[in-house]
There are 2 protein chains.
Amino acid sequence: MTDRDLRDRIKEVAVKQFNANGYHGTTIRNIAKDVNCSLPMIYYYYNNKKELFDEIIKKDFFSLIKKQASQLKNENIIDFYTKFIYNLNALSDYDKLVYRLGIKVYMSFDGDEELMSLMDEWEKNILPRHREILKPYTKNMNNEKAIVRTLVHLLETLIVNIVVKNRYLTEDEIREEISIVLQGCITKEDG
Amino acid sequence: MTDRDLRDRIKEVAVKQFNANGYHGTTIRNIAKDVNCSLPMIYYYYNNKKELFDEIIKKDFFSLIKKQASQLKNENIIDFYTKFIYNLNALSDYDKLVYRLGIKVYMSFDGDEELMSLMDEWEKNILPRHREILKPYTKNMNNEKAIVRTLVHLLETLIVNIVVKNRYLTEDEIREEISIVLQGCITKEDG
DNA sequence: ATAGAATTCTAACGAACGTTAGATAAAGGA
DNA sequence: TCCTTTATCTAACGTTCGTTAGAATTCTAT
């Protein structure tokens with residue numbers, strides 16, 4: 001075990017245990033045991049259990065998805081979305097678990113009201129954001145809204161497969177599925 | 001409160017609390033309080049907490065999805081899948097919560113190894129089943145497998161929206177999205 | 001009416017929980 | 001060197017947990 005900041009090591013172990021056993025099933029004692037430190041050390045760095053959980057979601061999870069959302073648009077829309085999903089495979093184990101815990105809260109399977117409403121805020125801008133991205137490719141289509149919705153729904157499942165169910169999806173698999181949803185768009189602007 | 005079997009009332013309250021607070025966050029005392037009975041009555045009908053949780057998944061959840069999977073095929077494939085999803089809106093509150101808890105286990109957000117492996121067993125026949133259903137419509141297509149996969153992925157998200165996030169999806173919304181994924185198939189056999 | 005089974009209760013057990021008090025050790029500048 | 005700050009510990013507090021013992025009540029068939 002390296003001599004990294006104990007504070008970070010605590011959070012790392014906590015993410016694992018919150019994922020595996022949920023908020024209530026995770027105990028400060030078990031975290032301390034895995035970190036190999038004494039129990040009150042957790043309280044030296046975090047005021048209480050809830051603050052530890054909240055920091056993972058509020059800091060780590062949101063900075064993760066904000067970073068992901070700010071990815072540069074590729075020249076080709078299908079390449080763009082394919083990379084968008086495919087890159088999730090390469091997330092570090094820690095980031096994957098943070099993402100997974102975030103989805104757990106997003107589905108209100110864990111966390112509290114406050115965290116859930118933060119998720120609702122975020123969710124509100126998902127559809128508009130992708131609508132904006134897809135605008136150049138869907139401007140003449142009558143079912144534009146449905147296409148954006150379907151794509152976002154597909155992306156959600158792909159994310160869940162990689163991050164929650166811990167599957168590896170190949171780039172080709174991802175591209176195939178995205179192409180099926182966007183097949184009406186590709187001939188408009190691209191090759 | 002009606003005088004239905006106390007055993008059923010216990011399970012009903014348990015489903016609510018397991019959904020809201022997870023396995024570890026749910027206490028026998030709180031169940032008893034909501035059922036308005038004494039604490040040992042839970043143990044009169046169920047040997048322990050885990051048996052209560054397991055019965056919900058093993059009996060109620062699996063009978064629910066087996067019933068759903070055995071729905072009669074409609075003459076039109078898009079109508080069929082649209083109804084398949086749309087009908088979820090009409091599930092009783094209890095069945096929705098049972099379904100939701102099952103998904104929680106399916107995503108290994110709750111439950112134990114044994115329940116998870118039951119889920120894995122079930123998951124294995126999802127793709128083949130839909131491949132069979134779609135066979136008449138995809139037999140001449142080169143991306144048949146990708147279409148089935150994409151459809152199943154879309155169905156998963158729609159199910160999560162209705163059952164986990166408790167959204168109401170209109171029949172038109174559902175049909176639009178399914179049509180986008182199956183647009184290559186419809187002109188083959190149908191009108 | 002009454003014996004026996006089925007149902008429900010009060011009260012408690014030991015274990016584990018989140019959290020804290022307070023002592024000890026290590027580090028670093030004066 | 002000594003003093004202050006930072007880091008770490010042992011031990012315990014009060015609470016809640018899953019579970020059970022054992023008594024009281026209600027039902028049912030004779």
Side-chain angles (χ1 to χ4, degrees), chain A residues 1-59 101 104-105 109-116, chain B residues 1-59 101 104-105 109-116:
Chain A
M1 185 165 303
T2 69
D3 220 17
R4 287 204 334 284
D5 265 354
L6 180 56
R7 192 175 195 284
D8 285 348
R9 270 171 43 221
I10 290 172
K11 193 158 64 172
E12 201 166 307
V13 167
V15 168
K16 271 187 208 155
Q17 301 206 7
F18 283 136
N19 262 290
N21 310 115
Y23 180 82
H24 295 286
T26 297
T27 70
I28 307 287
R29 278 170 179 81
N30 275 334
I31 293 175
K33 189 194 284 177
D34 275 18
V35 172
N36 215 23
C37 70
S38 74
L39 190 152
M41 284 309 296
I42 316 285
Y43 289 93
Y44 184 72
Y45 288 111
Y46 301 90
N47 280 322
N48 50 51
K49 186 180 173 183
K50 182 165 156 23
E51 190 182 281
L52 176 52
F53 188 92
D54 283 8
E55 178 171 314
I56 294 165
I57 300 298
K58 287 184 185 170
K59 264 183 66 179
L101 195 60
K104 206 168 167 180
V105 174
F109 282 147
D110 215 333
D112 60 359
E113 294 289 331
E114 188 212 351
L115 293 182
M116 266 186 51
Chain B
M1 183 166 307
T2 69
D3 220 15
R4 285 204 335 285
D5 265 355
L6 180 55
R7 194 178 192 284
D8 284 349
R9 269 171 44 220
I10 289 172
K11 193 157 64 171
E12 200 166 310
V13 167
V15 168
K16 270 186 207 157
Q17 300 206 8
F18 283 136
N19 262 290
N21 308 115
Y23 180 81
H24 296 286
T26 296
T27 71
I28 308 287
R29 278 170 178 81
N30 274 334
I31 294 175
K33 189 194 283 178
D34 275 18
V35 173
N36 215 23
C37 69
S38 74
L39 189 152
M41 284 310 296
I42 317 284
Y43 288 93
Y44 184 73
Y45 287 111
Y46 300 90
N47 280 322
N48 50 50
K49 186 180 171 183
K50 182 165 157 26
E51 191 181 281
L52 176 51
F53 189 92
D54 283 8
E55 177 170 316
I56 294 164
I57 300 299
K58 289 184 183 170
K59 265 183 64 178
L101 195 60
K104 206 169 169 180
V105 174
F109 282 147
D110 216 333
D112 60 359
E113 294 289 330
E114 188 212 351
L115 294 182
M116 266 185 52

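Proteins get letters first, then strands, A, B, ... in listed order; numbering begins at 1 in each.
Aromatic ring pairs are classed by plane angle as parallel below 30°, tilted from 30° to 60° and perpendicular above 60°; the pair B:Phe18 and B:Phe53 is perpendicular.
Between B:Cys37 and B:Ile42, the shortest heavy-atom distance links the atoms SG-CD1, 4.4 Å.
Taking atom CG of residue B:Leu39 and atom P of nucleotide D:dT20, one finds them 12 Å apart after rounding to whole Å. Atom CG of B:Asn48 is separated from atom P of D:dT20 by 8 Å (rounded to the nearest Å). Put simply, NZ on A:Lys33 is 13 Å from P on C:dG18, counting in whole angstrom units. If you take CD of B:Glu51 and C1' of D:dT19, they are 14 Å apart, rounded to a whole angstrom. Computed from coordinates, the B:Ile42 CD1 to C:dT7 C1' distance equals 14 Å when rounded to whole Å. Between the CD1 atom of B:Ile28 and the P atom of C:dC13 there is a distance of 20 Å, given to the nearest Å. A:His24 places its NE2 atom 13 Å from the C1' atom of C:dG18, with the value rounded to the nearest Å. Nucleotide C:dT8 holds its P atom 13 Å from the CZ atom of B:Arg7, rounded to whole Å.
Between A:Asn21 and the options A:Thr26, A:Thr27, A:Asn30, a side chain to side chain contact (heavy atoms under 4.5 Å, CB included) holds for only A:Thr26.
Within the nucleic acid shown, A:Tyr46 has no heavy atom closer than 4.0 Å to any nucleic acid atom.
In this structure the side chain of B:His24 never reaches within 4.5 angstrom of the side chain of A:Tyr23, judged on heavy atoms.
OP1 or OP2 of D:dT19 sits under 4.0 Å from a side-chain N or O of B:Tyr43. Neither OP1 nor OP2 of C:dT8 sits under 4.0 Å from any side-chain N or O of B:Tyr44. Contact annotation: A:Ser38 does not reach the phosphate of D:dT8 (side-chain N/O to OP1 or OP2, under 4.0 Å).
Nearer to the 5' terminus of DNA chain C, by closest-nucleotide assignment, is the contact made by B:Arg29 (compared with the other of A:Asn30 and B:Arg29). In terms of position along DNA chain C, the nucleotide closest to B:Met41 lies nearer the 5' end than the nucleotide closest to the other residue of the pair A:Asn47 and B:Met41. Mapping A:Tyr45 and B:Lys49 onto DNA chain D by nearest heavy atom places A:Tyr45 closer to the 5' end of the strand.
Closest to the side chain of A:Pro40, out of D:dT10, D:dA7, D:dG18, is D:dT10.
For the pair A:Asp34 and A:Lys16, the salt-bridge criterion is not met [side-chain N within less than 4.0 Å of a carboxylate O].
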